[in-house]
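Residue numbers count from 1 along this sequence. A quick note: this is a predicted structure, and the numbers were derived from the prediction, not measured.
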Amino acid sequence: MEENIKEYGNMMLLDEKGHKIQMISIIGEIEGHECSSNTTKTTKYEHLLPMLASLDCTKQVDGVLFVVNTIGGDVSCGLALSEMIASLSKPSVALVVGDSHSIGVPLSVAADYTVIAPSATVIIHPVRMSGQVLGAPQTYEYFQLIQDRITGFIADHSGIPQDKLESMMVKPGILTRDLGTILVGKQAVECGLFQQVGGMHDALKKLGELIGEGTK
């Protein structure tokens, strides 16, 4: 168990009703097809994909708790993880405890129910790309395609309309020379993004209810 915590940030929990819950941490940067530096805390999608597949096939796990504190990262791999989480047959709850920025938003709403801590933040902003970018109409269309994939997924797995989400992405924000919207705790619930403000107890309680009801 200690090795799992050290290497992957996950452990098995047993709630007060005896439900076996797998806790998985999604922290730091979502590492994609390229490796991040050795000094960066990352969540590696090549670790989580087989782990999630294994969880869905075992009878030793009743539900899954995702603890989220991420600054975002690789869009393609983040969406792949989000689709895997959303397709789990086991009941799942996400708990946002620090940050759920950028591609961390679809990762958070992919669970069946999402709880956000009162001081946790969510940043919604347009798609960004590093490296050389060609100034051509096709580049804009590609950016728009990626953005539609992200906003469409979030809208399908939360209570916020896609058009409202898109308007939040391009809103002049409080970040210097940036666009986007920052939501703190209760604001993320009020706009329909997440379901509840709370902490670990609330997340485990809700997951226990979903397991007990057999709700997916």
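Taking each heavy atom of Val109 and Ile154 in turn, the nearest pair found is CG2-CA, 4.0 Å. Between Ala94 and Ala111 the shortest heavy-atom distance is N-CB, 3.6 Å. Between Gly104 and Thr70 the shortest heavy-atom distance is CA-CG2, 3.7 Å. Closest of all the heavy-atom pairs between Ala188 and Ile116 is CB-CD1, 4.1 Å.
Contact annotation: the side chain of Lys186 never approaches that of Pro118 to less than 4.5 Å [non-hydrogen atoms, C-beta and beyond]. Side-chain contact check for Val61 versus Gln22: some heavy-atom pair is nearer than 4.5 Å. Side-chain contact between Val68 and Val97 is absent, with no heavy-atom pair separated by less than 4.5 Å. For the pair Gln187/Val184, a side-chain contact is recorded, criterion being any heavy-atom separation below 4.5 Å from C-beta on. Taking 4.5 Å as the limit, every side-chain heavy atom of Val122 sits out of range of all side-chain heavy atoms of Ile182. Put simply, the side chain of His19 does not reach to within 4.5 Å of the side chain of Leu14, judged on heavy atoms. Taking the side chain as every heavy atom from C-beta outward, Asp112 and Val93 never approach each other to under 4.5 Å. A heavy-atom distance below 4.5 Å is found between the side chains of Ile21 and Ile211.
Residues satisfying the side chain to side chain contact (heavy atoms under 4.5 Å, CB included) criterion with Ser119, sequence neighbours excluded, are absent altogether. Looking at residues two or more places apart in sequence or on another chain, you find a ring pair (Phe, Tyr, Trp, His ring centres under 6.0 Å) between His157 and Phe153.
Taking CG from Leu107 and CG from Leu79, the interatomic distance works out to 8.0 Å, rounded to the nearest 0.5 Å. In this structure, the separation between CD1 on Ile24 and CE on Met51 is 5.5 Å, given to the nearest 0.5 Å. Rounded to the nearest 0.5 Å, atoms CG (Leu95) and CD1 (Ile26) are 11.5 Å apart. Here the straight-line distance linking atom OG of Ser108 with atom CD1 of Ile85 works out to 8.5 Å at 0.5 Å rounding. Here the CD atom belonging to Glu83 is positioned 11.5 Å from the CG atom belonging to Leu88, to the nearest 0.5 angstrom. With values rounded to the nearest 0.5 angstrom, Asp99 atom CG is found 8.5 Å from Ile71 atom CD1.
A distance-only check finds no donor-acceptor pair linking the side chain of Ser54 to the backbone of Pro50 [under 3.5 Å]. Proximity of a side-chain donor or acceptor of Ser87 to a complementary backbone N or O of Met84 within less than 3.5 Å is detected. No donor-acceptor pair under 3.5 Å is formed between the side chain of Thr151 and the backbone N or O of Glu166. The backbone N or O of Ile27 lies less than 3.5 Å from no partner atom in the side chain of Ser25, so there is not a single donor-acceptor pair.
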Between side-chain atoms of residues 189-205 and protein atoms elsewhere (two or more places apart, or another chain), which donor-acceptor pairs fall under 3.5 Å?
unit_1	atom_1	unit_2	atom_2	d
Gln195	OE1	Thr114	N	2.8
Gln196	OE1	Tyr113	OH	2.8
Asp202	OD2	Gly199	N	2.9

Take Asp56 and Lys90 through the side chain to side chain contact (heavy atoms under 4.5 Å, CB included) test and state the conclusion after the steps. CA-CA 6 Å; Asp56 213 42; Lys90 310 279 185 181; 3.8 Å; yes
Residues Lys20, Met12; criterion side chain to side chain contact (heavy atoms under 4.5 Å, CB included); working and verdict: CA-CA 7 Å; Lys20 297 182 287 292; Met12 186 66 73; 4.3 Å; yes
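Thr121 and His101 share a side-chain donor-acceptor pair at under 3.5 Å.
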